[in-house]
Number of protein chains: 2
Amino acid sequence: MNLKELSANLGLSQTTVSRALNGFPEVSEATRDKVLAAAAKHNYSPNIRAKSLATGRANAIGHVIPTDDRHEMVNPIFGDFIAGAGEVYAANNYEMVLSIIKDADEEQVYRNFKTRGTVDGVILHAPKMNDHRIALLQEIGLPFVVHGRASGIEQNYSWVDVNNISAFRRATDFLVDLGHRRIALINGLETMDFAHRRRRGYEEGLTARDIPVDPALMRGDSDMTESYGHSAAHEMLGQPNPPTAFVVSSIISALGVRRAFEDRGLQMGRDVSIVTHDDGLSYLANDGEVPVFTATRSSVREAGRMLSRMLIEKINGETSNHNHHLLEAELTLGRSTGPAPHN
Amino acid sequence: MNLKELSANLGLSQTTVSRALNGFPEVSEATRDKVLAAAAKHNYSPNIRAKSLATGRANAIGHVIPTDDRHEMVNPIFGDFIAGAGEVYAANNYEMVLSIIKDADEEQVYRNFKTRGTVDGVILHAPKMNDHRIALLQEIGLPFVVHGRASGIEQNYSWVDVNNISAFRRATDFLVDLGHRRIALINGLETMDFAHRRRRGYEEGLTARDIPVDPALMRGDSDMTESYGHSAAHEMLGQPNPPTAFVVSSIISALGVRRAFEDRGLQMGRDVSIVTHDDGLSYLANDGEVPVFTATRSSVREAGRMLSRMLIEKINGETSNHNHHLLEAELTLGRSTGPAPHN
DNA sequence: CACATTATTCAAAGCGCTTTGGTAATTTGG
DNA sequence: CCAAATTACCAAAGCGCTTTGAATAATGTG
C-alpha cells in the first residue's frame with residue numbers, strides 16, 4: 001500500500017492525504033479522521049526512502065566506529081551508549097546507522113554520509129587529542145556532537161563529557177587520604193583524550209601532596225581489556241617497591257587487576273586497593289548494597305541519551321549554538337579500598 | 001555534485017554516466033574512463049536515497065535488539081557480533097541499521113522495515129524457544145537469517161548456531177571425568193533457545209553417568225551478568241551439600257562465580273572448578289599461554305561474519321535454499337578446573 | 001447581494017537516481 | 001555495396017513521497 005493507492009482508495013488527492021498524515025492544519029478534521037482510519041486499516045507506512053528524497057532528510061543518525069589493525073575491538077561501553085541513544089531515536093523516529101570501518105576510511109565515510117545523504121548527523125566517539133575529525137566534520141558541514149572532548153582543538157562544538165580530571169583527582173586524593181603513597185595508574189590509550197585527562201587528574205592529585213610521579217607506576221598503552229589490567233598490575237606488583245593502590249580507567253581492566261591480586265595472594269581492600277572508573281555497564285553492575293569496587297561512576301547510557309537529544313535538536317535547527325555538558329562522576333565507596341598497609 | 005550536474009559537465013546524458021559508473025557494458029571504454037575521472041575529481045557519490053528509491057534496494061541490513069523492561073541491556077556479545085558483521089557490510093557496501101526497541105514494538109519494527117523499505121533484510125538475534133518472529137518474518141516476506149535456532153519451530157530457515165548441546169555435554173563430561181559429582185549449572189535465561197540446549201547438554205552429561213539432576217544446582221532465570229554469576233554461586237556454595245564444580249553460560253557470569261569463590265576463600269581450580277562458555281569477547285580474552293578459564297569456545301565475531309554473508313547472498317538471490325551451520329565449540333583447558341576435592 | 005476572506009482540496013513539479021525503449025553511427029556479412 | 005547486426009549513446013518515464021501554486025467551496029462583511 002502506497003500513498004497513491006491509499007488516496008485513490010479514499011477518493012482524495014495525494015496532497016491531502018499526505019497533509020492529513022503529517023498533521024498539517026489545512027485539512028478538515030473530518031477528512032483527517034477518515035485518512036488516519038484508512039491508513040491504520042491498511043497498515044500504511046510511508047516509504048522512507050521516498051520521503052527522505054523528497055524532504056532531504058534521512059531521519060537517521062550515524063555512528064562511526066573506527067578500528068585499526070591493532071585495536072579491532074568494539075569498545076565495550078558502546079553497547080550501553082547506544083542503548084541510551086536508541087531510546088531517544090525510537091522516540092523520535094530516527095534510525096541508527098552504524099559503520100564499523102578501518103581507521104583510514106573514516107574520512108571517506110563521513111564525506112559519503114554527507115553526499116549520499118545517508119544520515120542527518122553523526123555522534124563522534126572516542127575523540128583523540130587534537131582530533132582532526134572535528135575540523136573535518138565542520139568542513140563537510142555534517143551536524144555532529146562529540147562524546148568526550150578533544151584537547152588542542154580551538155573550534156567550538158557540542159559535547160558531553162565526564163569531568164575526567166576531577167574524577168581521577170578525587171580518586172587519587174582519596175587513596176592518598178587513606179595513606180597510600182605508591183599509587184599506580186592503569187589507564188586507557190593515552191592518545192585518547194579522556195585518558196590524557198585522567199592522567200592529569202591523577203598527577204595533580206599526587207603532586208598536590210608532594211608525592212613524586214613515578215613513570216614505573218603508570219601504564220596507558222593499550223585498550224582497556226581484562227588481560228591488560230592483569231598483566232600491567234601483575235608486572236607492577238613484581239617490582240621492588242610495588243604499589244599499594246591502583247587507579248584504573250575501566251572496570252573491565254579492574255577485574256584483571258583484581259585477578260593479579262589473587263595470583264599474588266593479596267587481598268583486595270586490605271593489602272592492595274583499587275579505585276576504578278565505572279561507566280555503569282549493565283552487565284558489570286557495580287552497585288550492590290556495598291559495591292565491589294570503589295569507583296568514580298558516570299553513566300555512559302545517560303551520556304548516550306543526552307548526546308542523541310542534543311544532536312536531534314541541532315538537526316532540527318532548534319538550537320544553533322553549541323552545548324557543553326560536563327558530568328561530574330560520583331565517587332562511590334566499595335570494598336576495594338582500605339588504608340595503606342604499614343610496614 | 002549530483003548526476004545531472006556531472007553529466008552536464010561531461011556533455012553526456014545521465015543514462016550514459018549512470019551506466020558508466022555502474023559498470024554496464026554498453027558504454028565505450030574511452031567515455032567510461034572520462035566519466036570515472038570526472039566523478040573522482042568532483043568527489044561524486046550517488047545519493048543513496050535516490051538510488052534506493054529507483055532500485056528498490058536499501059543496501060542496508062537491520063538488527064533489532066529488543067529490550068523488555070526487566071532486561072533492558074544490550075547483550076555484551078553484541079559488540080563483537082557486529083564487529084564481525086561490520087567487516088562484511090563494509091566490504092559489500094551495506095549499511096547496518098540498529099533498532100533498539102521495546103519488546104512489544106518488535107513486530108511493528110519488522111513490518112515497517114518491509115513497508116518503508118528501510119532495510120533489505122534482518123539478522124535475528126537471541127531466538128527464544130518457539131520464537132514467533134520467524135513465522136512473522138516469513139509472513140512479512142523480509143529476508144532474514146538467525147543467530148541461533150528456535151526449537152519448536154517447524155519452518156525451515158537459515159541459521160548459524162553453536163552446538164550448545166554438545167558443548168555443554170562435553171563440559172559436563174569433562175568435570176565428571178575429573179571426579180566431580182556435584183556440578184552446578186549457571187545458565188542464561190531459559191526462555192532463550194541457547195540456554196535450553198545448554199541445559200539439555202548438561203543434563204545428558206549427568207544422566208549418562210548416573211548422576212541425578214538436582215534442581216538445587218541449576219539457575220537460569222536472569223541475564224548473564226557478573227552479579228548474577230556471583231549471587232547464584234554464592235548462594236549454592238552456602239547450601240548444605242555444595243557443588244564442587246560449575247558449568248557457566250557466559251564468561252561474564254563466570255567472573256562473578258570466581259568472585260563468589262574468593263568471598264568464601266575457595267581456590268578456583270583446586271577447591272572448586274569452573275567450565276564456562278566463552279564467546280571470544282575481545283575485551284575479555286581468555287587466551288593467554290594458559291587461559292584463566294577452562295572453556296567451551298566459539299567466536300561470536302565469526303558467527304557475525306558468516307551470518308552477514310549468508311544474508312547478503314540471500315538478498316542478492318544467489319541462493320534460494322536455506323543454509324545451516326552448526327559450529328562446534330572447542331574445549332580449551334585453562335586454570336579453572338581440577339580434580340574434585342575428596343573429603 | 002456583491003465582494004473579500006478563509007477553509008479545503010487538488011494537479012503537477014520536483015527530489016536524484018535507474019531503466020526502458022529508442023535512434024544514430026559504425027561494423028559485419030554475403 | 002547494401003541489408004543486418006552491433007555499438008554507443010540519449011530522452012523520458014518512473015520510483016513514492018512532499019510541496020508549490022491554484023482552484024473551488026464555504027463563510028463573512030458592509
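Every chain is numbered from 1, with letters handed out A, B, ... down the list of sequences.
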Using the test side-chain contact (heavy atoms from CB on, under 4.5 Å), find all partners of [X] that sit at least two apart in sequence or belong to another chain.
| X | result |
| --- | --- |
| A:R116 | A:N112, A:T118, B:S45, B:I48 |
| A:A20 | A:V27, A:R32, A:V35 |
| B:N130 | none |
| A:A126 | A:M192 |

Problem - By ring-ring contact (aromatic ring centres under 6.0 Å, His included) - contacts of A:H325 (at least two apart) - result: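 Once residues adjacent in sequence are excluded, A:H325 has no partner under the ring-ring contact (aromatic ring centres under 6.0 Å, His included) criterion.
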
Practice task
Output the residues of residues 1-10 of chain A in contact with DNA chain D, where contact means a heavy atom of the residue under 4.0 Å from an atom of the strand; sort by number or write none.
Solution key: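 Heavy-atom cutoff 4.0 Å gives A:N2, A:L3.
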
Exercise for the section: Identify, residue by residue, the members of residues 46-56 of chain B with a heavy atom below 4.0 Å from DNA chain D, and return them in order of residue number, or none. Expected result: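 Contacts with DNA chain D under 4.0 Å: B:L53, B:A54.
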
Handout entry: For DNA chain C, the residues among residues 17-33 of chain B that have a non-hydrogen atom under 4.0 Å from it
Key =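 Within residues 17-33 of chain B, the residues near DNA chain C are B:S18, B:R19, B:N22, B:F24.
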
Practice task
Give me the ring orientation class for A:Y89 and A:H63: parallel if the planes are under 30° apart, tilted from 30 to 60°, perpendicular past 60°.
Solution key: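 Rings of A:Y89 and A:H63: perpendicular, over 60°.
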
Practice task
Sequence neighbours left out, what passes salt bridge (Lys or Arg N to Asp or Glu O under 4.0 Å) with A:E5? Give chain and number order.
Solution key: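 Partners of A:E5 by the salt bridge (Lys or Arg N to Asp or Glu O under 4.0 Å) criterion come out as none, since no residue qualifies.
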
Exercise for the section: Check salt bridge (Lys or Arg N to Asp or Glu O under 4.0 Å) between B:E139 and all other residues, then give those that pass, not counting sequence neighbours. Expected result: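 Listed in chain order: B:R111.
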
Practice task
Determine which pairs satisfy salt bridge (charged side-chain N to carboxylate O under 4.0 Å, His left out) with at least one residue from residues 143-153 of chain B, sequence neighbours left out, and list them in order.
Solution key: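 Sorted pair list: B:R149-B:D161.
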
Handout entry: Shortest non-hydrogen separation from B:G84 to B:R305 and the atoms involved
Key =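 Taking B:G84 first and B:R305 second, the nearest heavy atoms are O-CG, 3.4 Å.
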
Practice task
Anything under 4.0 Å to a heavy atom of chain A counts; send over the first and last such nucleotide of DNA chain C, read 5' to 3'.
Solution key: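 Endpoints of the contacted stretch of DNA chain C: C:dT8 to C:dG16.
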
Exercise for the section: Consider only side-chain N and O atoms of A:S158 and A:N323, and report whether a donor and an acceptor are under 3.5 Å apart. Expected result: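 Side-chain D/A pair, A:S158 to A:N323: absent.
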
Problem - Check: B:G141 main-chain N/O paired with B:K114 side-chain donor or acceptor under 3.5 Å - result: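 Checking the backbone N and O of B:G141 against the side chain of B:K114, a donor-acceptor pair under 3.5 Å is found.
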
